[in-house]
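Below you'll find the structure, written out as structure tokens, and then a few comments.
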Amino acid sequence: VKNYLKTVRDQSYDENLPTRLQKTLFAGVGFIKRHPLLYRLYLNVLFDARIPFRDEILLSLRTYSLEFLESLLETAKNRGELQEELDIKKTAFMLDAVMDRFLQARAVSHLDAGLGIFDSPSSKTEEWIRSLVSAICSGIHVQPTISCQPPVPKTDHRKKPYLLILSATQEEVSVLIKQLQRPNVETIAHRKVVTGKINEIDIRVLVTGPGMVNTSQALTAAIENERPCLVIQTGCCGAYRESGLKIGDIAIASEEIDAQLGIESADGDGMPDPLPFALLNVQSVDDAHRYPVSAEWVDDFYQKISCHLKSSDIIIKKGPFVTVSTVTSTDERARALVERFTPVVEQMEGSAAAHISLLYGIPFFEIRGVSNMAGRRMREAWDLQGACWNCCETLVSYIKGIELIKLR
């Protein structure tokens, strides 16, 4: 060991401290490769208190290691690489601890804590060594703080509030995105966001991915990044025949129902009974799987769009939306859902978006375009493009009529 370290010290004498520390670690890795039994003997001495002369052996090794590192630090200090007030002995102790621990992790699988250091290829070992030495030499840059002073809150520099629109896929909102002024594509927590304006209103269109898990993650990330003043979920949906809606019509949620959350029902209809406990500590949530929407926004949207669509053959209807994780594909299942919940449409994201919006106290509502009828699947009768077109055009018309003061 002494011969290895002496060679490194002499051959790297003209180089700076970071390079010398890197070469010291590389020499340690090389020593373990060439003398695995000797290093295993060292580990036995280190971890087994029954080894004869254990204390003397470890004291000798640690003393020499500290002396070696102190010599590197003294040379660097004399060259002006280190601050004058640096405590050489304490710094050498820290270096010895980090470097010895790294070599242990390189040689013993359960000591690398799953970081991939053990028996790593040369390229990864080199990356680890450079990163460790960089962290040692530059520090972790802890910002100075003043005790007893509360943290300064982040300032929101946006001049205007923004409206957040959620969609499972980009295809469902492509018509809306094309109408954004000065569109710009961003990424928040691995999710695509298109920002822009409609009139003077700042819009962010968030593509969440389908389903409740994707929606919950994406919406939470967006809110934590910057809080919106209103959240609107949109896209296509399947309408229940009992609702009176047809393909191409517009539906707006009067409440959001998680159709698959609850306790298995004893009557065997496949519909769960409500949970006996609340999922949200919010006063407006009375049922564990039913979420309210912002009645003020729903009523405003319904009134204005009803007038807007009066001269067309498109119907707009309010009613409960059910959120399903398994798309309904039989008429029997569709009838069971209607009998239990009396919904107008089904979709896969609404309950999650309502849940997160309620949790953060942000107004929320949902509109959908009917692309198909829920029940037996007849893909030839579906009209995804038409449903998305009608829904986006309707939503854009509404946004153009929103007063900024209402958003604030």
Side-chain angles (χ1 to χ4, degrees), residues 166-169 171-172 208-215 233-275 287-293 298 302 309 312-355 365-392 394:
L166 311 180
S167 176
T169 66
E171 289 73 21
E172 290 174 284
T208 64
M212 290 195 283
V213 173
N214 281 328
T215 301
Q233 175 79 55
T234 193
C236 59
C237 63
Y240 295 99
R241 288 178 172 80
E242 292 82 351
S243 69
L245 292 167
K246 64 183 185 303
I247 292 174
D249 287 341
I250 306 296
I252 181 167
S254 60
E255 68 171 327
E256 301 282 355
I257 304 170
D258 186 340
Q260 291 168 321
L261 181 70
I263 300 173
E264 184 178 5
S265 176
D267 58 20
D269 64 354
M271 297 294 110
D273 291 331
L275 291 170
D287 194 318
H289 65 177
R290 290 177 181 260
Y291 302 93
V293 294
V298 168
Y302 183 77
L309 296 175
S312 75
D313 61 351
I314 299 173
I315 296 171
I316 180 170
K317 186 161 188 173
K318 283 192 291 186
F321 281 20
V322 290
T323 303
V324 295
S325 296
T326 304
V327 177
T328 304
S329 63
T330 65
D331 291 338
E332 292 76 14
R333 175 70 175 175
R335 281 194 295 270
L337 285 164
V338 170
E339 288 174 9
R340 175 61 68 94
F341 302 115
T342 62
V344 291
V345 303
E346 69 172 42
Q347 33 67 33
M348 299 179 69
E349 296 83 25
S351 291
H355 183 124
F365 71 93
E366 179 176 17
I367 68 161
R368 297 270 181 169
V370 178
S371 60
N372 60 284
M373 306 309 293
R376 185 166 61 90
R377 291 169 68 81
M378 296 183 292
R379 291 299 300 269
E380 66 278 3
W382 289 24
D383 186 4
L384 290 168
Q385 187 175 2
C388 295
W389 175 277
N390 290 349
C391 190
C392 285
T394 300

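Note: hydrogens, waters and symmetry copies are ignored here, and every other heavy atom, side chains too, is used.
Contact annotation: the side chain of Met212 approaches that of Ser351 to within less than 4.5 Å [non-hydrogen atoms, C-beta and beyond]. The shortest side-chain heavy-atom distance between Val293 and Phe321 does not fall under the 4.5 Å cut-off. Contact check for Arg241 versus Asp331: side-chain heavy atoms found under the 4.5 Å cut-off. Looking at Pro272 and Leu261, their side chains never come closer than 4.5 Å, going by heavy atoms from C-beta outward. A 4.5 Å side-chain heavy-atom check between Ile247 and Trp382 finds every atom pair outside the cut-off.
In terms of heavy atoms, Val324 sits closest to Ala259 at CG1-CB, 4.1 Å. Between Ile250 and Gly369, the shortest heavy-atom distance links the atoms CD1-CA, 4.3 Å. The minimum heavy-atom distance linking Gln260 with Ser325 is given by the pair OE1-N, 2.5 Å. Across every non-hydrogen atom of Thr215 and Leu166, the tightest pair is CG2-CD1, 4.4 Å. Across every non-hydrogen atom of Lys246 and Asp249, the tightest pair is N-OD2, 2.8 Å. Smallest separation of non-hydrogen atoms from Ala334 and Thr328: N-CG2, 3.6 Å.
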Listed pairs under 3.5 Å, donor-acceptor, residues 370-378 side chains, sequence neighbours left out:
from   : atom 1 : to     : atom 2 : distance (Å)
Ser371 : OG     : Cys237 : O      : 3.2

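Between Cys391 atom SG and Ile316 atom CD1 the span is 9.0 Å, to the nearest 0.5 Å. With rounding to the nearest 0.5 Å, the separation of OG1 in Thr342 from CD1 in Ile257 is 6.5 Å. Annotation: the span from Met271 atom CE to Glu339 atom CD amounts to 9.5 Å, rounded to 0.5 Å. Note that NZ of Lys318 is 12.0 Å distant from CZ of Phe365, once rounded to the nearest 0.5 Å.
Around the CH2 atom of Trp389, the shell of radius 6.0 Å holds no more than 12 heavy atoms that belong to other residues, nucleotides or ligands. Counting heavy-atom neighbours within 6.0 Å of Glu332 CD, excluding the residue itself, gives a total above 12.
Under 3.5 Å, the side chains of Glu366 and Thr234 contain no donor-acceptor pair of N or O atoms.
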Please determine whether side-chain contact (heavy atoms from CB on, under 4.5 Å) holds for the pair Asp273 and Arg340, giving the CA-CA distance in whole Å, both sets of side-chain angles, and the decisive distance to 0.1 Å. CA-CA 10 Å; Asp273 291 331; Arg340 175 61 68 94; 3.9 Å; yes
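Pairs passing the salt bridge (Lys or Arg N to Asp or Glu O under 4.0 Å) check and including a residue from residues 341-354, sequence neighbours excluded, read Glu349-Arg368.
Without hydrogens or angle criteria, Lys317 side chain to Val344 main chain gives no donor-acceptor distance under 3.5 Å.
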